[in-house]
Amino acid sequence: MSSVAIDLDNPYILLTPGPLSTSPTVRAAMLRDWCTWDDDYNQGIVNPIRERLVTLASGAEPTAFTAVLMQGSGTFSVESTLGTLLPRDGRLLVLANGAYGDRLAKIAVTLGIDHVVHDSGELAPPDLTRLDATLAADRHISHVVCVHCETTTGMLNPLADICRIVKGHGRLMLVDSMSGFGGIPLDVATLGIDALVSSANKCIQGVPGFGFVVVRRDVIAAAAGRARSLSLDLFDQWREMEKSGGKWRYTSPTHTVRAFAQALAELDAEGGVAARHARFSENQRRLVEGMQRLGFACVLPRPLHSPIITGFRSPTAARYEFRAFYEALKSRGFVIYPGKVTGIESFRIGTIGHVFPADIDRLITAVEASIDW
Ligand SMILES: *Cc1c(COP(=O)(O)O)cnc(C)c1O
């Protein structure tokens with residue numbers, strides 16, 4: 001087999017919600033090998049990452065929480081969390097308003113978890129009155145799960161309001177904050193979140209290969225023997241990491257983990273989550289303003305937007321075709337994302353990753369040059 005040419009320069013930036021564009025230094029951090037059971041790796045890299053994730057998630061009450069890393073993409077960590085934390089006699093309420101909410105429900109179906117789904121549709125936030133009434137009426141619901149930023153549309157769900165209702169009824173609160181954590185400030189202790197799931201290749205700007213769960217210590221400690229899967233047993237992974245100084249049960253993605261440690265250091269150097277949130281927000285503000293100037297309309301009303309990703313309606317011109325538009329932008333150095341909203345022709349542009357307001361200004365110029373309909 002002939003060798004594959006290595007091109008260290010990215011030919012385009014990824015305006016996609018993960019994997020996303022990473023810094024050259026995050027990519028360079030992968031250029032050495034690590035032993036998966038050696039202390040250099042586990043005590044030197046894995047445990048400091050776990051500790052940093054806890055303090056990132058909860059400045060208010062860090063000792064009540066622990067962080068567990070899990071191999072695979074983000075969905076593996078969500079499946080691991082639901083499959084391990086839900087007791088056999090538990091019942092899960094799923095708040096869904098997009099593809100990722102639907103995926104939570106699909107995991108429950110696949111794992112045989114008793115569940116109910118509140119689907120508010122892709123264009124509406126969750127129905128909080130219905131949530132409150134359902135929790136009051138159904139004592140069997142033990143856990144509620146929601147998506148923080150619904151990447152399907154870019155909608156930022158009202159996490160604080162949802163948590164307040166769920167905690168008011170004394171139920172456990174699980175959050176898929178895959179595309180929000182690290183880019184949107186939050187405190188799991190203050191909000192009352194029992195487990196929060198995210199992954200390496202979203203707002204923390206690492207490369208893909210693992211996800212992580214920040215979970216209350218008492219909640220994970222109570223979950224022994226509940227897992228519906230061997231490799232995705234979150235309790236067992238946590239116990240091994242605690243017992244063996246950060247060791248994963250099975251082969252860990254060492255290079256990805258080392259890159260993630262670099263990404264966390266770069267998050268701190270940028271000024272933490274607040275500074276990153278400000279950059280993403282400025283990216284998104286310029287994006288919407290520029291696209292609207294060029295005649296594009298957003299899928300969602302402005303108050304429902306997140307700084308993470310934004311959906312735009314496809315132009316109605318007969319000659320418009322997503323694939324040609326996509327290729328034209330790609331040749332100018334930008335990769336965008338197809339739309340995912342049912343019944344609306346759209347495309348999406350992400351504003352997270354190693355992407356800066358000046359990149360968004362260049363994108364708008366490229367969009368203008370790519371319009372040929
Ligand atoms: C990216 C993402 C996931 C996980 O997707 P993977 O492809 O498994 O990494 C889950 N939920 C949300 C909201 C996401 O944005």
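Numbers here simply count residues along the sequence, with the first being 1. Both ligands and their constituent atoms are indexed starting at 1 by order of listing.
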**Asked** Which value, rounded to the nearest 0.5 Å, describes the distance between Ser120 atom OG and Asn157 atom CG?
**Response**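 If I round to the nearest 0.5 Å, the distance is 7.0 Å.
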
**Message:** Working to the nearest 0.5 angstrom, can you tell me the gap between Lys247 NZ and Trp37 CH2?
**Reply:**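 Those atoms lie 10.5 Å apart.
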
What protein heavy atom is closest to [atom], reported as residue, atom name and distance in Å?
atom                    : result
atom 11 (N) of ligand 1 : Asp176 OD2, 2.7 Å
atom 2 (C) of ligand 1  : Lys202 NZ, 2.6 Å
atom 9 (O) of ligand 1  : Gly74 N, 3.1 Å
atom 3 (C) of ligand 1  : Met178 CG, 3.3 Å

[X] neighbourhood, listing ligand 1 atoms whose heavy-atom distance to it stays under 4.0 Å:
X      : value
Cys149 : 13 (C)
Thr151 : 12 (C), 13 (C), 14 (C), 15 (O)
Val147 : 13 (C)
Thr75  : 4 (C), 5 (O), 6 (P), 8 (O)
Ser179 : 15 (O)
Arg103 : 5 (O), 8 (O)

Whether over 12 other heavy atoms sit under 6.0 Å from [X] [atom1]:
X      : atom1 : value
Trp373 : CH2   : yes
Lys106 : NZ    : no
Glu368 : CD    : no

**Asked** Do ligand 1 and Ser73 have nitrogen or oxygen atoms that lie under 3.5 Å from each other?
**Response**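 Yes: some nitrogen or oxygen of Ser73 is under 3.5 Å from one in ligand 1.
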
**Asked** Do any nitrogen or oxygen atoms of Pro17 lie less than 3.5 angstrom from nitrogen or oxygen atoms of ligand 1?
**Response**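 Such a contact does not occur with ligand 1.
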
**Message:** Please evaluate residues Glu266 and Thr25 with respect to the criterion side-chain hydrogen bond (donor to acceptor under 3.5 Å, both in side chains), reporting the C-alpha separation (whole Å), side-chain torsions for both, the decisive distance (0.1 Å), and the verdict.
**Reply:** CA-CA 9 Å; Glu266 293 181 13; Thr25 32; 2.6 Å; yes

**Asked** Looking at Ser199 and Gly74, what are the two nearest heavy atoms and their distance?
**Response**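 Result for this residue pair: CB-CA, 3.9 Å.
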
**Request:** Assess whether ring-ring contact (aromatic ring centres under 6.0 Å, His included) is satisfied between Phe260 and Phe210, documenting all intermediate values.
**Result:** CA-CA 10 Å; Phe260 189 71; Phe210 71 96; 5.2 Å; yes

